[in-house]
Student: 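Dropping the structure in here first, questions after.
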Number of protein chains: 2
Amino acid sequence: MEKKLTIRDIAKLSGVSASTVSRVLDDSDRISAETKKSVLEVVNQYGYKPQAAARNLARQKTSAIGIIIPQNDMNIYSSSFFQEALHGVSNSLSQNGYDVLISSGNPTELDAIKRLISTSRIDGIILLRSVVNDASIQYLTESKFPFVLIGTCLENPDVYSVDNDNQRAAYDIAYHMYMTGKRKMAIIGGTKSSVFIQKRLEGYEKLLVEKGLPINQDYIKLENASEDYGYQSMLELLKSPSRPDSVLVMDDSICVGVMKAINESGVKIPEEIAVACFNESSFTKYSRPALTTISLNFYDLGYCAAKTLLSVLNNEPIQKGCRYVDHLLTIRESTVSN
Amino acid sequence: MEKKLTIRDIAKLSGVSASTVSRVLDDSDRISAETKKSVLEVVNQYGYKPQAAARNLARQKTSAIGIIIPQNDMNIYSSSFFQEALHGVSNSLSQNGYDVLISSGNPTELDAIKRLISTSRIDGIILLRSVVNDASIQYLTESKFPFVLIGTCLENPDVYSVDNDNQRAAYDIAYHMYMTGKRKMAIIGGTKSSVFIQKRLEGYEKLLVEKGLPINQDYIKLENASEDYGYQSMLELLKSPSRPDSVLVMDDSICVGVMKAINESGVKIPEEIAVACFNESSFTKYSRPALTTISLNFYDLGYCAAKTLLSVLNNEPIQKGCRYVDHLLTIRESTVSN
DNA sequence: CTTAATTGTGCAACCGGTTGCATAAAGTTA
DNA sequence: TAACTTTATGCAACCGGTTGCACAATTAAG
């Protein structure tokens, strides 16, 4: 590694002062066109890049944002969630000269956040969430540190958040079922205490109401998110006198149990019962029949969250509260016979 | 956010000079015990933390290392690979006051690396790799920038790398097969051009040789890594006059095809044929029967790579070349009948 | 009791950028 | 041509830490 050039070296080489070089790199309009050109030539020739630490110190901002690596207990999301979201965040931010700093939440997430903030390493933070209230959100809100939430829309309109539209997603998948002739839809898995499950239930019910279908409480199985709960609930539904003709499952892991129950009882998919579930995974792709899924676009979530955070940091006027990104309905054999 | 305290504020509050505070925080031995105590009191009381940018500038190091987010084409690894490795890296580094900076390889990985280096944002880099030679490694080697490789052991002993012991892993799984009475083992999936597949083949053959079993070239199906290749290869083996009694599959996604072939032909697992594969995933856990797997410990990979990099950065004497971390054999129904 | 060695602390320069303000040069206006 | 803007650039201070060196205070040695 040869010696690093400083801004004063570049200044000397182009016959101007350091301040002029600095302004050229900032594309200030107080510098003449010729000066800009000649300085940029030198800058490019030597591949000069301002040193981040010096710049950050002078500007009193870090040009970095922080993210905490989620523990794997975010089981509502597919495992590629984090990686894809990160790509989105990183692409959006690097276009604007920002870095992304990550930290495992060690020992706790809140500790990690405090550490990043207190050493002035980051200007803002992006949080991945499935719950509404927790210590980190409260801390950030109180300290007025800029942050954006991914994965949960808060009631609080002062908190910026980016989420998938769970209500719309459930509605879309129910609509698809309806269009393939299904009229007796069940919904399985997850607990009503989660906000995103509530939203999905709303979407499901919205379609039923719109189409004049009855809301049958026996078809709503939302007490637990385990594979076994999926298995047991599906068995019950299959034995019931008014067996549903379609089922929406809230997660692919729960769907493993659901499929097991259906296969064991020899009921035909999708003719006798159609199956669709949330979250794409190797199971949904490789299952026989392959499963129709609603997959959430994690890249966009990250990209949009980063954009939002940038706007906040630049004090740009921006709509407060929650914004939604699109989801993707992948139709496979489990809902459409070929 | 109230005004940030500087080191001079703390100095004033504790009645010493800024340099003394700085030295106290560095635990320098040229400061008396009493002074340390009284300064630390003030520091703790106000929660003072030195500002990273200023410290980095003065010390001429960034206390940060970089990682490029892999594209999802690292299909040899389970999808939790990155996340777990990152946890390992982050935990190891944050204990030593280092930050982890990530970047999507945009537009290319090499560009991302050059950007991070040229702005002096990082002191070192950790690369995730499945191939031996590429532009990034070459660039880093030539510019003598400190880096550690995860996932590939290079021939070049000047490059530090951390990897799973693929040879040992294949040996272990073959040993397990042998101990359950299997004598005719096949090995399926992946191409011999990958270093890690070669290593696994070596481990497989090592066991056969040790136990005095013949190496049957017909049992070695290493031309392709697709699900379909797994399906076709397994069909062939099943139809063969000397049908194997066990099969090691190089990846869980390939194993999807293998399982499909076995199930279609009605052959019993594990009695007639035992199945084991590399990489844990929802498929291997939820498959019926559940699959015996070798899972690589990604957290340890990251942790060990970070430790290695830290040693390099601190010029500590350290064994050059490659080091291995342990893997985990998870025995399930597909190799042991209950 | 003087001199030398040791220990603890402060001064001030430095890291490499940025930016308010002063000023020289060029352009306008009367 | 004098007075007034406007435009382009440089000076120097500043961001908030770190660290070599000087020096005062204390202890040890002669």
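When reading the values below, keep in mind they use all heavy atoms of this one structure, side chains included, and skip hydrogens, waters and symmetry mates. Throughout, a chain's letter reflects where its sequence line sits, starting with A, and its residues are numbered from 1.
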Student: Whole angstrom is fine here: how far is it from CG in B:Leu57 over to C1' in C:dC15?
Tutor: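 Result: 4 Å.
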Student: Reckon A:Ser22 has a side-chain N or O less than 4.0 Å from the OP1 or OP2 of C:dG17?
Tutor: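 No, because none of the side-chain N or O atoms of A:Ser22 sits under 4.0 Å from OP1 or OP2 of C:dG17.
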Student: Using a cut-off of less than 4.0 Å, is there contact between a side-chain N or O of B:Tyr48 and OP1 or OP2 of D:dG17?
Tutor: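 The answer is yes; a side-chain N or O of B:Tyr48 sits under 4.0 Å from OP1 or OP2.
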Student: Compute whether any side-chain donor of one residue and acceptor of the other, for A:Ser28 and A:Arg30, lie under 3.5 angstrom apart.
Tutor: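 Not at all, the side chains of A:Ser28 and A:Arg30 share no donor-acceptor pair under 3.5 Å.
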Student: Given atom CD1 of A:Ile7 and atom P of D:dT9, what is their separation to the nearest angstrom?
Tutor: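 About 15 Å, once rounded to whole Å.
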Student: Output the single nucleotide from C:dT19, D:dG17, C:dT9 whose closest atom is nearest the side chain of B:Ala54.
Tutor: D:dG17
Student: Looking at C:dG16, I'd like to know if its phosphate oxygens (OP1 or OP2) sit under 4.0 Å from a side-chain N or O belonging to A:Thr6.
Tutor: no
Student: Below 4.0 angstrom, N of the basic side chain to O of the carboxylate: do A:Asp123 and A:Arg59 qualify?
Tutor: no
Student: So, OP1 or OP2 of C:dT18: does either fall under 4.0 Å of a side-chain N or O from A:Gln60?
Tutor: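 So the side chain of A:Gln60 is outside the cut-off, no N or O lying under 4.0 Å from OP1 or OP2 of C:dT18.
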Student: Between the protein and nucleotides 12-14 of chain D, are there any N/O to N/O pairs under 3.5 Å, and if so, what are the atom names and distances?
Tutor:
none

Student: Can you measure from NZ (A:Lys114) to CZ (A:Phe145) and round to the nearest 0.5 angstrom?
Tutor: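 So the NZ of A:Lys114 and the CZ of A:Phe145 are separated by 13.5 Å.
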Student: Distance check, rounded to the nearest 0.5 Å: B:Leu128 atom CG versus B:Ile68 atom CD1?
Tutor: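 B:Leu128 CG to B:Ile68 CD1: 9.0 Å, rounded to 0.5 Å.
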Student: Are any of the side-chain nitrogens in A:Asp27 or A:Lys36 under 4.0 Å away from the carboxylate oxygens of its partner?
Tutor: yes
Student: Expressed in angstrom and rounded to an integer, what is the separation of A:Leu5 atom CG from C:dC15 atom C1'?
Tutor: 16 Å
Student: Determine: side-chain N/O of A:Arg23 to OP1/OP2 of C:dT19, distance under 4.0 Å, yes or no.
Tutor: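 For C:dT19, OP1/OP2 do not have a side-chain N/O of A:Arg23 under 4.0 Å.
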Student: How close or far is atom P of C:dT19 from atom CG of A:Leu25, stated in whole angstroms?
Tutor: 12 Å
Student: Near DNA chain C, which residues from residues 29-38 of chain B have a heavy atom under 4.0 Å away?
Tutor: B:Asp29, B:Arg30, B:Ile31, B:Ser32, B:Thr35
Student: Does a donor on one side chain sit under 3.5 Å from an acceptor on the other, for A:Ser19 and A:Ser22?
Tutor: no
Student: To the nearest angstrom, how far is A:Asn56 atom CG from D:dG17 atom P?
Tutor: 14 Å
Student: Do B:Ser311 and B:Thr308 get their side chains close enough for a donor-acceptor pair, meaning under 3.5 Å?
Tutor: no
Student: For B:Gln51 and D:dG17, what is the distance between atoms CD and P respectively, to the nearest whole Å?
Tutor: 6 Å
Student: Give me the atom names and distance for the closest heavy-atom approach of A:Thr152 to A:Arg129.
Tutor: OG1-O, 2.9 Å
Student: Determine: side-chain N/O of B:Arg59 to OP1/OP2 of C:dC15, distance under 4.0 Å, yes or no.
Tutor: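 No, no such contact exists.
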Student: Quickly work out the A:Asp27 CG to C:dT18 P distance and round it to whole Å.
Tutor: 13 Å
Student: Which whole-number value in Å describes the distance from B:Lys61 NZ to C:dG16 P?
Tutor: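 Interatomic distance, NZ of B:Lys61 to P of C:dG16: 16 Å.
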